[in-house]
Amino acid sequence: MSAKVITVTSGKGGVGKTTTVANLAVALALTGDRVVCIDGDIGLRNLDVILGLENRIVYDLVDVVEGRCRLRQAMIRDKKLSNLFLIPAAQTRDKNAVSPSDMVRVCDELRPDFDWVLIDSPAGIERGFRYAIAPADQAIIVTNPEVSAVRDADRVIGLLEAEEKGSPSLIINRLDVNMVRRNEMLSAEDVVDLLAIRLIGIVPEDDRVLIASNRGRPVVLDEAAVTARVFQNIARRLKGEDVPFIDLGNRGLWSRLFSGRR
C-alpha cells in the first residue's frame with residue numbers, strides 16, 4: 001500500500017475547499033479505502049469542525065513537526081468510520097511553523113499505511129500554499145463559478161505547473177443553475193473553457209451542505225441529498241472509474257462531456 005497524496009487548493013478563500021476535503025475523505029472511506037486528512041490551514045483550522053472531531057484534538061500538525069508527539073498521536077480516528085483519520089492544524093501558530101520539507105516528511109511517513117492522503121490547503125499562494133503542494137502527487141482546484149474565483153484558480157494552475165505538479169483537476173462548487181439561466185453566474189461550461197483543465201465534479205448550490213457541515217456530519221452521509229451522490233461520484237473518478245456526470249441542467253456542457261470532449 002502506498003497512498004496517493006492529493007492537495008485541494010484554490011487561491012481564493014471561501015470557495016469550499018475544506019468542505020470538499022471532508023466530503024471526499026468520507027466518500028473514499030465509505031468505499032473501504034484507508035484515508036487520512038491533513039488540515040494545512042495553520043492558525044485557522046476548520047476541517048475538524050466539519051468532521052465533528054473538534055472535541056477530540058490533543059496534538060496537531062505543528063506538534064508533530066516540532067517533535068512534541070509522534071505522528072500517530074496526532075491522528076484522530078473518525079467517530080463513524082474506523083478507516084478515516086484527521087491530523088488537525090494548530091490554532092495558536094502561524095504558517096511559518098511548517099515547511100515544504102516538513103510536509104513531505106509527514107506524508108512519506110503516512111504513505112505505507114494509507115490509500116489516500118488529502119491535504120486541505122490554506123487560501124492564498126504564499127507559504128501555506130507552498131508547503132501544502134510540496135508532497136502532492138495530484139492537485140484539485142476548487143472554484144466557485146464567479147469571475148474573481150476563476151481568475152485566482154487560473155493563477156494557481158500556473159503555479160502548480162511551474163512546480164511541476166502537472167495539470168490539476170477541477171471541481172466547480174456551488175453552481176446555481178437558475179442563476180446561470182438568468183446570466184447572473186458563470187456556467188460550468190464557461191469555467192471549463194476558461195481554465196482548460198479536467199473537470200471531475202460539479203457541486204450544486206445546496207443548503208444541506210452548510211447545515212451538515214455545521215452539525216459535524218458531512219453531507220455525503222445524507223443519502224437523500226443530490227450533493228451526496230455528486231461527492232461519491234467524484235471519489236469514484238479519483239479511483240479511476242468512468243462515472244457519468246449528473247445532469248444539473250447545463251445541457252451544453254453535458255453534451256461535450258458525454259461526447260468525450262473536455
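Throughout, residue positions are numbered sequentially from 1 according to the sequence presented.
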Using a 3.5 Å distance criterion without hydrogens, assess whether the side chain of Asn233 forms a donor-acceptor pair with backbone atoms of Gly201. no
Please enumerate all residues that pass side-chain hydrogen bond (donor to acceptor under 3.5 Å, both in side chains) together with Arg77, with sequence neighbours excluded. none
Please report the C-alpha distance between Leu118 and Val8 in whole Å, then the side-chain angles of each, then the deciding distance to 0.1 Å, and finally whether the side chain to side chain contact (heavy atoms under 4.5 Å, CB included) criterion is met. CA-CA 7 Å; Leu118 302 185; Val8 179; 5.5 Å; no
Please name all residues satisfying ring-ring contact (aromatic ring centres under 6.0 Å, His included) with Phe85, sequence neighbours left out, ordered by chain then number. Phe114
Using the side-chain hydrogen bond (donor to acceptor under 3.5 Å, both in side chains) criterion, which residues pair with Ser10? Sequence neighbours excluded. Lys17
Are more than 12 heavy atoms, taken from residues, nucleotides or ligands other than Glu241, located less than 6.0 Å from that residue's CD atom? yes
Heavy-atom donor-acceptor pair, Asn173 side chain to Asn144 backbone, under 3.5 Å: no
Contacts satisfying ring pair (Phe, Tyr, Trp, His ring centres under 6.0 Å) that involve residues 150-208 (not counting sequence neighbours) are none
Which pairs pass salt bridge (charged side-chain N to carboxylate O under 4.0 Å, His left out) with one or both residues in residues 138-147, sequence neighbours excluded? Lys12-Glu146
Please report the closest heavy-atom contact between Ala136 and Thr7, naming both atoms and the distance. CB-OG1, 3.3 Å
Looking at CZ of Arg34 and OG of Ser82, how far apart are the two atoms once the value is rounded to the nearest 0.5 Å? 8.0 Å
Non-hydrogen side-chain atoms of Asn23 and Val203 separated by less than 4.5 Å: no
Does some side-chain heavy atom of Lys79 sit less than 4.5 Å from a side-chain heavy atom of Arg56? yes
Step through the shown structure and confirm whether more than 12 heavy atoms of other residues, nucleotides or ligands are within 6.0 Å of CZ on Arg174. no
Check whether any side-chain N or O of Tyr131 sits under 3.5 Å from a backbone N or O of Gly40 as a donor-acceptor pair, and report yes or no. yes
Please confirm whether the backbone N or O of Pro244 pairs with a side-chain atom of Arg237, one donor and one acceptor, at under 3.5 Å? yes
Side chain proximity check, Val177 to Pro204, heavy atoms < 4.5 angstrom: no
Donor-acceptor contact below 3.5 Å, side chain Asp154 vs main chain Arg151: no
Return the CG to CG distance between Leu30 and Leu221, rounded to the nearest 0.5 Å. 6.0 Å
Asp48: which of Asn55, Leu86, Ile76 passes side chain to side chain contact (heavy atoms under 4.5 Å, CB included): Leu86
Could you see if Val230 belongs to whatever hydrophobic cluster contains Ile211? Use Ile, Leu, Val, Met, Phe, Trp, Tyr and a side-chain cutoff under 4.5 Å. no
Between Lys80 and Leu51, the two heavy atoms sitting closest are NZ-O, 4.1 Å
Over 12 non-hydrogen atoms of neighbours within 6.0 angstrom of CG in Asp207: no
Report the residues that fulfil side-chain hydrogen bond (donor to acceptor under 3.5 Å, both in side chains) with Asp108, sequence neighbours left out, ordered by chain and then residue number. Arg111
Using the test side-chain hydrogen bond (donor to acceptor under 3.5 Å, both in side chains), find all partners of Ser101 that sit at least two apart in sequence or belong to another chain. Ser99
Val142, Thr9, Leu160, Val156 screened by side chain to side chain contact (heavy atoms under 4.5 Å, CB included) with Pro168, the one that passes: Leu160
Note, Ser169 side chain near Ile6 side chain (heavy atom, < 4.5 Å): no
All pairs passing ring pair (Phe, Tyr, Trp, His ring centres under 6.0 Å) where residues 170-202 contributes a residue, at least two apart: none
For a quick test of your reading: what N or O donor-acceptor pairs under 3.5 Å do the side chains of residues 62-69 make, sequence neighbours left out?
unit_1, atom_1, unit_2, atom_2, d
Asp63, OD1, Arg68, NE, 2.8
Asp63, OD1, Arg68, NH2, 3.1
Asp63, OD2, Asp60, N, 3.0
Glu66, OE1, Arg68, NH1, 2.7
Glu66, OE1, Arg68, NH2, 2.8
Glu66, OE1, Arg93, NH1, 2.9
Glu66, OE2, Arg93, NH1, 3.1
Glu66, OE2, Arg93, NH2, 2.7

Take Arg72 and Asp113 through the test salt bridge (Lys or Arg N to Asp or Glu O under 4.0 Å) and record every step on the way to the result. CA-CA 11 Å; Arg72 287 284 173 178; Asp113 299 319; 3.0 Å; yes
Flag yes if Ile246 and Leu170 sit in one hydrophobic cluster, no otherwise; membership is Ile, Leu, Val, Met, Phe, Trp, Tyr, and two members link when side-chain heavy atoms are under 4.5 Å apart. yes
Take Leu84 and Val26 through the test side chain to side chain contact (heavy atoms under 4.5 Å, CB included) and record every step on the way to the result. CA-CA 7 Å; Leu84 173 61; Val26 172; 3.8 Å; yes
For the atom pair NZ (Lys4) and CG (Leu238), what is the distance rounded to the nearest 0.5 Å? 7.0 Å
For the backbone of Leu47 and the side chain of Asp39, can you confirm whether one donor and one acceptor N or O come within less than 3.5 Å of each other? yes
Taking the side chain as C-beta and beyond, is there a heavy-atom pair between Leu81 and Val35 under 4.5 Å? no
Take Ile87 and Leu110, measure what side chain to side chain contact (heavy atoms under 4.5 Å, CB included) needs, and give me the verdict at the end. CA-CA 11 Å; Ile87 300 174; Leu110 292 168; 4.0 Å; yes
Would you compute the distance between atom SG of Cys107 and atom CG of Asp137 and round it to the nearest 0.5 angstrom? 9.0 Å
Leu194 with Val147, same ILVMFWY side-chain cluster at under 4.5 Å: yes
Hydrophobic cluster identity match, Ile141 and Trp116, side-chain contacts under 4.5 Å: yes
Run the side chain to side chain contact (heavy atoms under 4.5 Å, CB included) test on Ile200 and Ile171 for me, step by step, so that the C-alpha distance in whole Å, both residues' side-chain angles and the decisive distance to 0.1 Å come before the verdict. CA-CA 6 Å; Ile200 61 169; Ile171 294 175; 3.8 Å; yes
Side chain to side chain contact (heavy atoms under 4.5 Å, CB included) involving Asp94 - partner list, sequence neighbours excluded: Asn96
Show me the pairs that pass side-chain hydrogen bond (donor to acceptor under 3.5 Å, both in side chains) and involve residues 215-232, at least two apart or across chains. Asp206-Thr227
Could you state whether Ile38 and Leu44 fall into the same hydrophobic cluster, counting links through intermediate Ile, Leu, Val, Met, Phe, Trp or Tyr residues with side-chain heavy atoms under 4.5 angstrom apart? no
Work out which heavy atom in Val150 is nearest to a heavy atom in Thr143; give both atom names and the distance. N-OG1, 3.5 Å
Examine distances only and state if a side-chain atom of Arg127 and a backbone atom of Lys95 form a donor-acceptor pair shorter than 3.5 Å. yes
Any salt bridge (charged side-chain N to carboxylate O under 4.0 Å, His left out) pairs touching residues 161-170, not counting sequence neighbours? Arg130-Glu163
Once rounded to the nearest 0.5 Å, what's the spacing between atom OG of Ser167 and atom CD of Gln138? 9.5 Å
Check the surroundings of atom CZ in Arg70: do more than 12 heavy atoms from other residues, nucleotides or ligands lie under 6.0 Å from it? no
